[in-house]
Amino acid sequence: MHEKILIVEDEERILQFLRRGLAYEGYRVLTAVNGTEGLQVARDNAPDLVILDWMLPEIEPGLDGLEVCRRLRAASDLPIIMLTAKESVSDRVLGLDAGADDYLVKPFALNELLARIRALVRRAKTEAPEILTFVDLRLDTGTHQVFRGERVVELTAKEYELLELFLRNPRQVLTRDLIFDRVWGYDFGGESNIIEVYVRYLRQKTESEGEPRLIHTVRGVGYVLREDS
Ligand code: CA
């Protein structure tokens, strides 16, 4: 307990609301009001989790929340929750692609944020390292490295989670609902094509040397990890 949470948010009202709410729950709270300061505070204090606003004043050109997310992710596996007023699916995909673990659209309820913080902190702490394998795919939950044969496969945070879900359920058809629930943890809306997008990324990366396909589409249902037949 007493995890350190860094909030990067330029809107004073929201920042104070979050600071009070998180402190009341027993978290130690660090704050920053732009990306430059956020990266500095993260470097100096090694927070356990970051709550990151997407739209931040750019003290350095291009250093919005998305870019802060990319830089934090490049440096560590620290859980990141992005906050945004943007609602379109493509924006959400961008945020998740930049390495965010979760995503909340403003306005949101504090309880919703607290639930997601607890889930991410718990996950970060309790994961005992495992090696998951299927055919020539190998995923190390300790180092977060993925291999296809001897080849290293570089994945974003969400691609990794999706592949981990497949590897934990080999040869089982995973429905779209189940995948949404396990990987994104909440509903993106009925028309979202986010699963298709991420399966496509995973296939591109795991088949880039012409290896046989392992993630197959089950039309109208979902996807399955199995040997090519
Ligand atoms: Ca903002």
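Values in this document were obtained by computation on a predicted structure and should not be read as measured data. Remember, it's 1-based here, ligands and their atoms both numbered in the order they're listed.
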Exercise for review: Sequence neighbours left out, what passes side-chain contact (heavy atoms from CB on, under 4.5 Å) with Val224? Give chain and number order.
Suggested key: Val173, His216, Val218, Arg226
**Study point:** Short N-O contact, Arg73 and Asp101, less than 4.0 angstrom
**Key:** yes
**Study point:** Partner set under side-chain hydrogen bond (donor to acceptor under 3.5 Å, both in side chains) for Arg13, not counting sequence neighbours
**Key:** none
**Study point:** Non-hydrogen side-chain atoms of Pro212 and Glu207 separated by less than 4.5 Å
**Key:** no
Point to revise | Residue list, ring pair (Phe, Tyr, Trp, His ring centres under 6.0 Å) with Tyr201, at least two apart or on another chain | key: Tyr198
Review point. Does atom CD of Gln204 have more than 12 heavy-atom neighbours from other groups under 6.0 Å away?
Key: yes
Study note, to complete from the structure: What lies under 3.0 Å from the Ca ion (ligand 1), restricted to protein N/O/S atoms, is Asp10 OD1, Asp53 OD2, Met55 O
